[in-house]
Amino acid sequence: MAPHTEQLTRPAVSLRGLTRSFDGRTVLDGIDLEIPAGQFTALLGHSGSGKSTLLRAVAGLDHEVTGSGELVAPERVSVVFQDSRLLPWRRVLDNVLLGTDGKEAAAKGREALAEVGLAGRERSWPGELSGGEAQRAALARSLVREPELLLADEPFGALDALTRIRMHGLLRELWERHRPSVLLVTHDVNEAIVLADRVLVLEGGRIGLDLTIDRPHPRSYSDPLLGEYRERLLAALGVTEDHQ
Ligand SMILES: Nc1ncnc2c1ncn2[C@@H]1O[C@H](COP(=O)(O)OP(=O)(O)OP(=O)(O)O)[C@@H](O)[C@H]1O
Ligand SMILES: [Mg+2]
């Protein structure tokens, strides 16, 4: 799944005039967006700004998007949510393998669990996993599908600060190895700038800011240039550092 030049020149996601209203209230107001194949993009915005609505539309989970909308997305798309959505009555490996079949899939499932640091936990029940482990299992489940596009809606939102930092490292590592296009929804400015190479701010139903984060990885919070990006993003969100 390593990207080749041809892949990099064609967008993984292409939206034109994407519009979504609920009961006459417009949440997404003619969004134009292209995400190049293999790009790691984060989407920020206030609660209720429409981040999840946009992600659901890109995932093809929303059939009521309207407008002169055009939506192009790859075939193999995986979605990860804030809670792991593991089925409690299936063992961890069976959860990872859900919807796949064959011996090859089982081997891939084991491999994916090893990649997220859960080797040996194949036969555990989801209830025996910690929150962070459950999210890692959810990542493994998305990996076995070898997604061209990984959509994640606040996947670390329910985790404690330390686990979250570990998960950042893991997600970035997995991205480097498999290179899917990523659209990560988060309300955490630091998470966005430490992980993504491009950060979008959703505001008033539109992409209000589209910022390229041009810093090498792994990134350090103390990098003064990251501080500048942080300020610009907070300003776009209407927040000053003092009020964080
Ligand atoms: N199925 C629905 N029916 C009616 N309104 C909806 C529906 N889904 C979303 N909305 C509305 O659309 C707006 C955007 O919701 P959305 O869940 O996309 O926000 P969000 O940016 O993901 O917020 P959060 O950060 O709190 O998750 C909200 O005002 C919400 O109430
Ligand atoms: Mg949401």
Side-chain angles (χ1 to χ4, degrees), residues 13-35 40-71 73 77-86 131-132 134-135 138-139 141-142 147 149-161 163-165 167-168 171 180-196 198-211 213 229-230 232-241 243-244:
V13 173
S14 180
L15 306 178
R16 288 277 166 271
L18 188 89
T19 299
R20 179 59 154 113
S21 304
F22 295 104
D23 311 318
R25 198 165 52 87
T26 303
V27 172
L28 303 178
D29 190 11
I31 293 205
D32 293 333
L33 174 65
E34 282 203 354
I35 300 179
F40 197 132
T41 303
L43 177 66
L44 283 169
H46 287 283
S47 179
S49 59
K51 303 182 296 298
S52 297
T53 304
L54 179 56
L55 185 125
R56 282 173 53 79
V58 174
L61 295 169
D62 186 348
H63 300 296
E64 289 176 54
V65 279
T66 56
S68 57
E70 177 196 325
L71 170 65
V77 180
S78 288
V79 193
V80 182
F81 298 94
Q82 184 167 3
D83 59 293
S84 66
R85 307 207 174 179
L86 299 174
Q135 281 308 80
L139 275 178
R141 185 179 48 191
S142 71
L149 174 64
L150 176 65
L151 300 169
D153 195 349
E154 304 204 33
F156 313 131
L159 304 177
D160 66 85
T163 308
R164 195 187 280 214
I165 289 171
M167 293 295 284
H168 289 165
L171 179 59
S181 315
V182 175
L183 183 61
L184 169 75
V185 166
T186 176
H187 59 260
D188 182 340
V189 173
N190 287 325
E191 182 166 293
I193 55 179
V194 96
L195 281 175
R198 177 186 183 195
V199 183
L200 310 169
V201 176
L202 191 57
E203 186 62 54
R206 299 275 180 125
I207 305 293
L209 180 65
D210 185 341
L211 198 61
I213 311 285
Y229 289 122
R230 183 182 300 116
R232 284 190 65 185
L233 288 164
L234 287 172
L237 290 162
V239 184
T240 56
E241 296 255 27
H243 295 107
Q244 262 242 301

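The chain is numbered in sequence order, starting from 1. For ligands, and for the atoms within them, numbers begin at 1 and follow the listed sequence.
- Annotation: side chain to side chain donor-acceptor pair (under 3.5 Å) contacts involving residues 42-61, sequence neighbours excluded, comprise S52-D153.
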Legend entry - side chain to side chain contact (heavy atoms under 4.5 Å, CB included) between L149 and V58, intermediate numbers included: CA-CA 10 Å; L149 174 64; V58 174; 3.9 Å; yes
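- Side-chain atoms of T19 and V65, non-hydrogen and from C-beta on, never get closer than 4.5 Å to each other.
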Legend entry - Working for side chain to side chain contact (heavy atoms under 4.5 Å, CB included), residues L54 and L15: CA-CA 10 Å; L54 179 56; L15 306 178; 3.7 Å; yes
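- Contact shell of ligand 1 (protein heavy atoms, cutoff 4.0 Å): F22, R25, V27, H46, S47, G48, S49, G50, K51, S52, T53, E154.
- Around the Mg ion (ligand 2), protein atoms of type N, O or S found under 2.8 Å number 1.
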Inset, instruction - Apply side chain to side chain contact (heavy atoms under 4.5 Å, CB included) to L171 and F156, showing your working. - result: CA-CA 10 Å; L171 179 59; F156 313 131; 3.8 Å; yes
Inset, instruction - Any chance you could lay out the side chain to side chain contact (heavy atoms under 4.5 Å, CB included) test for V182 and T41, step after step, and finish with the verdict? - result: CA-CA 6 Å; V182 175; T41 303; over 6 Å; no
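- There is a side-chain donor-acceptor pair under 3.5 Å between T186 and E191.
- Within a 6.0 Å radius of CZ in R232, other residues, nucleotides and ligands contribute 12 heavy atoms or fewer.
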Donor-acceptor contacts, no H, no angles, side chain residues 24-35, under 3.5 Å, sequence neighbours left out:
residue: T26; atom: OG1; partner: S21; partner atom: OG; Å: 3.3
residue: D32; atom: OD1; partner: G17; partner atom: N; Å: 2.7
residue: E34; atom: OE2; partner: R16; partner atom: NH2; Å: 3.0

